[in-house]
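The structure under discussion appears below in the form of structure tokens.
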Amino acid sequence: MTLLELKNVTKVFDDNVVLKNINVEIEKGKFYSVLGPSGSGKTTILRIISGFMQPTSGEVIFNGKNISNLPANKRNMNTVFQNYSLFPHLNVYENVAFGLSLKKIDEKIITKKVKKALKLVQLENFEGRMIDELSGGQQQRVAIARAIINEPEILLLDEPLSALDMKLRKKMQYELRQLQQDLGITFIFVTHDQEEALAMSDEIIVMNDGIVQQSGTPVDIYDEPINHFVANFIGDSNIVAGKMIDDYLVEFVGKEFECADAGIPKNEKIEIVIRPEDLDITTKENGKLVVNVDSQSFRGDHFEILAHDEDDNEWLIHSTNFAKEEKGIGLFFEPEDIHVMRLNESEEEFDARLESYEE
Ligand code: ADP
Ligand code: MG
């Protein structure tokens, strides 16, 4: 069920178009990530959803109603900010209770709600602590408890884990995902970290330059990136220029290869993507492509090998085998490991093309 929709949302600051015709549908009860590099417009999208900012044009639809002009405090959503925005002169209980206390709700009800929220973020018995007596991870939890106490339909989180060290970050990723499932509400989580988005989300919305590049499940986006930006931004990839020869046949590095893509005009210039883990090292005779090794290193569960082909394209290979020779080794891959990207394909065209293969 669609809970929230952005329709043709554009945001312009002075002469700077920061969001360009954003169309997004958010379903109830799912975990969404808005993923993109710094400056791609992630925070601006979140502010427009929350009502802290108005779009220059376009609409925000929530539960079927146009809420574009509804103030933030009238929307049944809450935001966890990057810097937590906690009150240092109040203790944990007072911070979490703050919004409810303003509304003059009965103290008994407030106490019950605060206890429940603190339990959800595993901070029982921390009510009396001051904010500066908490670790970064605990402050983060207080900010989340404060945001969920009113049982919002959507929780918006703007890079909430970026201040935490790696280990705590991983732990909080897991806990946030768990919390979202326990609460059963919709989370919209902003991050610039592709690994984080892949690990946590039901759906990822990939942004660059104020444009939604691609949206879909983590597996869809990883396996079928729509364009160069997405292929490069999400995981490691080898991207090489090529040409569509026929349905299920592409050419790159001067050779023809069987692939799994069809429905693209013949002779169209394309780019192909092959993920490093889909490449394997073999003999020159058994290889589909022959490369020369530039360097290789052991990475625990695989070897990371850098190589180049006769056209000087670089190849990154994650192989369980070590390359015994440096000159003229074979690379092996299956037809379905070749992902074809058209230049300038819209997301609608791309989705239609993928669906046509699946039938
Ligand atoms: P992200 O969160 O992805 O890093 P933002 O949404 O914060 O990106 O910003 C997107 C672009 O909009 C940036 O170029 C930023 O400089 C610009 N921007 C954001 N807020 C404002 C503002 N209030 N006034 C002018 N420009 C802004
Ligand atoms: Mg931001």
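Ligands are counted one by one from 1 in listed order, and the atoms in each one are counted from 1 as well. The first residue in the sequence is number 1, and the count goes up from there.
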Going by the closest heavy atom to atom 2 (O) of ligand 1, which one wins out of I48, L46, N208, T43?
T43

Heavy-atom nearest option to atom 10 (C) of ligand 1, drawn from G39, G36, G210:
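Among G39, G36, G210, the closest heavy atom to atom 10 (C) of ligand 1 comes from G39.
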
Ligand-residue contact atoms, ligand 1 with P37, heavy atoms, under 4.0 Å
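Matching atoms, with element in brackets: 3 (O).
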
Out of all atoms in ligand 1, which are within 4.0 Å of some heavy atom of V18? Include the element for each.
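Near V18, meaning under 4.0 Å from one of its heavy atoms, ligand 1 has 10 (C), 11 (C), 12 (O), 17 (C).
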
Could you tell me if K288 sits above the aromatic ring of F257, with its cationic atom closer than 6.0 Å to the ring centre and no more than 45 degrees from the axis?
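Judged by the rule, K288 and F257 form no cation-pi pair.
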
Centre of F87's six-membered ring, under 6.0 Å away, within 45 degrees of the axis: is that where NZ or CZ of R146 sits?
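Yes; both conditions hold, so R146 lies above the ring face of F87.
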
Do F189 and Y32 touch side chain to side chain, with heavy atoms closer than 4.5 Å?
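Side chain of F189 against side chain of Y32, heavy atoms only: no contact under 4.5 Å found.
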
Compute the shortest N/O to N/O distance between [X] and ligand 1 and return yes if it is under 3.5 Å, no if not.
| X | result |
| --- | --- |
| R47 | no |
| T44 | yes |
| G41 | yes |

Considering the options M77, E59, K74, which one meets the side-chain contact (heavy atoms from CB on, under 4.5 Å) requirement together with I67?
M77

Hey, is atom 27 (C) of ligand 1 touched by any protein heavy atom at less than 4.0 Å?
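Within 4.0 Å of atom 27 (C) of ligand 1, protein heavy atoms are found.
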
Nearest protein heavy atom under 4.0 Å from atom 5 (P) of ligand 1, yes or no:
yes

Hey, is the Mg ion (ligand 2) within less than 2.8 Å of some N/O/S atom on T44?
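It does not; every qualifying atom lies at 2.8 Å or beyond.
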
Between E251 and K255, does at least one N-O distance fall below 4.0 Å, as a salt bridge requires?
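No.
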
Enter the distance from E347:CD to I211:CD1 here, rounded to the nearest 0.5 Å.
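Rounded to the nearest 0.5 Å, the CD-CD1 separation comes out at 12.0 Å.
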
May I ask whether S40 places a heavy atom under 4.0 Å from ligand 1?
yes

The test is side chain to side chain contact (heavy atoms under 4.5 Å, CB included); show your working for Y248 and E258 and say whether it passes.
CA-CA 6 Å; Y248 310 109; E258 244 186 275; 5.7 Å; no

What residue and atom, counting heavy atoms only, is the protein's closest point to atom 23 (N) of ligand 1, and at what distance?
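The protein heavy atom lying closest is F13 CE2, 3.6 Å.
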
Criterion side-chain hydrogen bond (donor to acceptor under 3.5 Å, both in side chains) against D158, the qualifying member of T43, T191, N83, T79
T43

